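Working notes for the structure below.
Please read these numbers as outputs of a predicted model, since none were measured by experiment.
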Amino acid sequence: MFRIRRLYAVETDADRRAMEGVSAVFARAFDYDPDGGARIAARLDTPADDEIEPVLLIAEGERRRVLGFAYILYFPDVRAGYLEWIASDPERPARGIGGALYEAAREAMAARGARGLFLDVPPDDPAKTDADEQAWLPVKRRRLAFYERYGARPVVGTLYDERTTTAKEGYLLYLVYDGLGRNATLRRDTARRAVRAILTRKYGLAPDDPHVKAIVGSIKDDPVRLREPRYATPEPAPSKGEWLRPLKLVVAERHEIHHLRTKGYVERPVRMRAILDGLEGLPVEQRPVRHFGIDAIRAVHSRHMVSYLESVCRQLGPKDLVYPEIFPVRHPERRPRERAMRAGYYCMDTFTPLTASAWPAARAAVDA
């Protein structure tokens with residue numbers, strides 16, 4: 001099991017250990033660029049500006065070991081993201097980590113209100129591939145097929161994949177666009193602004209560079225055209241070791257406290273442990289518990305029931321139990337006054353005893 005979280009800055013010892021893990025994965029995945037991890041760390045430590053917001057997502061396993069990462073440059077003024085790096089540790093089984101990270105990247109951009117996510121991908125066209133790169137065509141095709149599952153496809157009809165620059169180290173690259181699941185088309189103005197930001201802010205070319213002007217000016221279609229799907233296949237069935245959407249997991253704090261260790265009580269604390277054990281090896285993104293106020297509960301439950309539950313549980317000792325035995329007819333204008341009778345007034349059956357832990361357990365469940 002692993003979780004995905006965002007690392008905002010490198011300030012604490014825990015942050016530094018996480019960044020060291022990212023750098024180690026980077027070095028193993030991209031051994032031709034040994035300083036890449038250091039550049040990401042430096043960018044995180046750079047004061048935020050209006051041109052680039054770095055977004056670093058990390059997948060962590062047991063003991064917070066970094067299993068992979070995704071690094072996005074978000075351009076706030078363009079409202080577009082550029083996926084610069086994504087990798088899982090090549091020395092460990094993939095277990096769907098790359099797919100989970102890409103989904104997390106898409107969700108992060110959608111949450112920022114991005115119009116889309118752009119990325120550079122090596123071409124799967126032999127005519128755009130050097131002779132010494134031909135052997136890698138199957139890998140490139142699998143990569144583009146992976147992104148195509150999400151609706152992300154290369155932009156066509158521009159010079160982006162026709163012109164190379166020194167910044168791209170002489171390679172031709174497709175510009176792939178992911179609309180983040182929205183049906184909206186990619187407008188010409190958005191594409192031009194995004195490409196200009198990629199070429200100048202990511203690759204460091206000057207705004208008046210002839211390549212920048214030519215490539216941006218070649219984006220003429222409105223809406224911009226995307227390549228027709230080539231690899232569209234049904235999504236694989238969820239199974240261990242295969243590509244999966246990340247499972248969103250929210251676990252209530254102290255979820256086991258309401259269980260009674262008494263004969264005849266049907267629930268057992270091992271139930272939750274068994275579920276968590278069963279998720280081992282699957283791509284799981286653990287979401288934090290959000291704490292809601294009492295008004296959220298009273299919006300859907302009777303305030304009288306809520307007040308009764310809280311007050312009676314606070315009055316019970318560690319070993320006290322209140323089992324409903326009488327079930328009065330529910331007349332809102334004639335609620336019973338006796339505590340034992342009110343248990344039956346609000347409960348449905350004799351398997352719902354109240355203990356001192358029932359109220360905090362219910363509150364934790366609401367927060368999850």
Side-chain angles (χ1 to χ4, degrees), residues 33 36 39-40 43 48-55 70-86 102 105-106 108-110 112-125 127-129 140 143-144 146-148 150-230:
D33 188 4
R39 290 200 306 274
I40 293 175
R43 169 63 73 176
D49 57 42
D50 295 332
E51 291 198 340
I52 296 179
E53 175 190 334
V55 178
Y71 181 61
I72 308 121
L73 303 178
Y74 180 66
F75 308 128
D77 56 333
V78 185
R79 285 177 54 201
Y82 174 81
L83 180 63
E84 185 169 15
W85 300 103
I86 184 169
Y102 186 67
R106 299 175 83 235
M109 290 298 97
R112 292 291 283 107
R115 295 185 174 97
L117 179 64
F118 294 85
L119 57 150
D120 284 328
V121 180
D124 56 356
D125 184 351
K128 297 180 184 293
T129 305
K140 296 176 181 181
R143 186 176 299 165
L144 282 161
F146 167 82
Y147 291 120
E148 196 172 286
Y150 297 93
R153 291 176 280 143
V155 171
V156 297
T158 78
L159 292 178
Y160 195 95
D161 58 343
E162 299 289 342
R163 282 203 176 192
T164 184
T165 68
T166 55
K168 295 182 182 180
E169 300 180 354
Y171 291 100
L172 294 175
L173 296 169
Y174 286 151
L175 178 66
V176 172
Y177 172 71
D178 186 336
L180 307 177
R182 297 178 294 110
N183 293 325
T185 52
L186 175 59
R187 308 305 306 189
R188 178 176 58 199
D189 180 63
T190 298
R192 285 181 171 178
R193 296 175 66 202
V195 168
R196 185 179 293 109
I198 293 167
L199 294 176
T200 58
R201 303 176 198 177
K202 191 276 177 190
Y203 286 113
L205 299 177
D208 59 352
D209 185 290
H211 290 292
V212 174
K213 290 184 176 181
I215 294 172
V216 172
S218 72
I219 304 173
K220 300 183 182 299
D221 295 323
D222 192 17
V224 174
R225 289 184 294 127
L226 303 181
R227 191 175 77 176
E228 289 299 316
R230 290 186 181 179

TODO: Please confirm whether the backbone N or O of Val216 pairs with a side-chain atom of Arg196, one donor and one acceptor, at under 3.5 Å?
DONE: no
Open item on the list: Return the CG to CD1 distance between Asp189 and Ile219, rounded to the nearest 0.5 Å.
Closed with: 10.0 Å
Open item on the list: How close do Arg112 and Glu53 get, counting heavy atoms only, and between which atoms?
Closed with: NH2-OE1, 2.6 Å
Open item on the list: If the condition is side-chain hydrogen bond (donor to acceptor under 3.5 Å, both in side chains), which residues does Arg227 pass it with, not counting sequence neighbours?
Closed with: Asp124
Task: Ring-face cation of Arg106 near Tyr150 (centre distance under 6.0 Å, axis angle within 45°) - done: no
TODO: Considering non-hydrogen atoms only, spot the tightest contact between Gly116 and Tyr177 and give its length.
DONE: CA-CE1, 3.7 Å
Open item on the list: Assess whether a salt bridge exists between Glu84 and Lys202, defined as any Lys/Arg side-chain N lying under 4.0 Å from an Asp/Glu carboxylate O.
Closed with: yes
Open item on the list: Test of understanding: with side-chain hydrogen bond (donor to acceptor under 3.5 Å, both in side chains), list the residues that count as partners of Asp208, not counting sequence neighbours.
Closed with: none
Open item on the list: Nearest 0.5 Å, please: how far is CD1 in Ile198 from OH in Tyr160?
Closed with: 5.0 Å
Open item on the list: Distance check, rounded to the nearest 0.5 Å: Lys213 atom NZ versus Leu199 atom CG?
Closed with: 13.5 Å
- [ ] Could you tell me the separation between the CG atom of Asp178 and the CG atom of Leu186, rounded to the nearest 0.5 Å?
- [x] 11.0 Å
Open item on the list: Using the side chain to side chain contact (heavy atoms under 4.5 Å, CB included) definition, which of the options Thr158, Asp161, Val195 pairs with Leu175?
Closed with: Val195
Task: Note, Phe146 side chain near Val121 side chain (heavy atom, < 4.5 Å) - done: no
Task: Contact summary for Ile52 and Pro76, nearest pair of heavy atoms - done: N-CD, 4.2 Å
TODO: Over all heavy atoms of both residues, which pair between Ala80 and Tyr74 is shortest? Give the atoms and the distance, please.
DONE: O-CD1, 3.3 Å
Task: Donor-acceptor under 3.5 Å (Arg79 side chain, Gly113 main chain) - done: yes
- [ ] Answer yes or no: is there an ion pair linking Asp221 with Arg188, defined by an N-O contact shorter than 4.0 Å?
- [x] no
Open item on the list: Quick check on Asp77: does its CG atom have over 12 non-hydrogen neighbours (other residues, nucleotides or ligands) under 6.0 Å away?
Closed with: yes
Open item on the list: I want to check something: taking the side chain as every heavy atom from C-beta on, are Leu226 and Val156 in contact at a cut-off of under 4.5 Å?
Closed with: no
Task: Geometric class of the Tyr82/Tyr203 ring pair [parallel <30°, tilted 30-60°, perpendicular >60°] - done: perpendicular
Open item on the list: Just to verify, what does Asp33 make a side-chain hydrogen bond (donor to acceptor under 3.5 Å, both in side chains) with, not counting sequence neighbours?
Closed with: Arg39
Open item on the list: Quick one, Ile40 and Pro54 - any side-chain contact, counting heavy atoms below 4.5 Å?
Closed with: no
Task: Atom pair CZ/CG of Arg201 and Leu73 - distance to nearest 0.5 Å - done: 10.0 Å
Open item on the list: So which atom in Leu180 and which in Ala110 form the shortest heavy-atom distance, rounded to 0.1 Å?
Closed with: CD1-N, 3.9 Å
Task: Atom pair OH (Tyr174) and OH (Tyr147), whose distance is rounded to the nearest 0.5 Å - done: 15.0 Å
Task: Considering all heavy atoms, the nearest Phe75-Glu51 contact - done: CD2-O, 3.3 Å
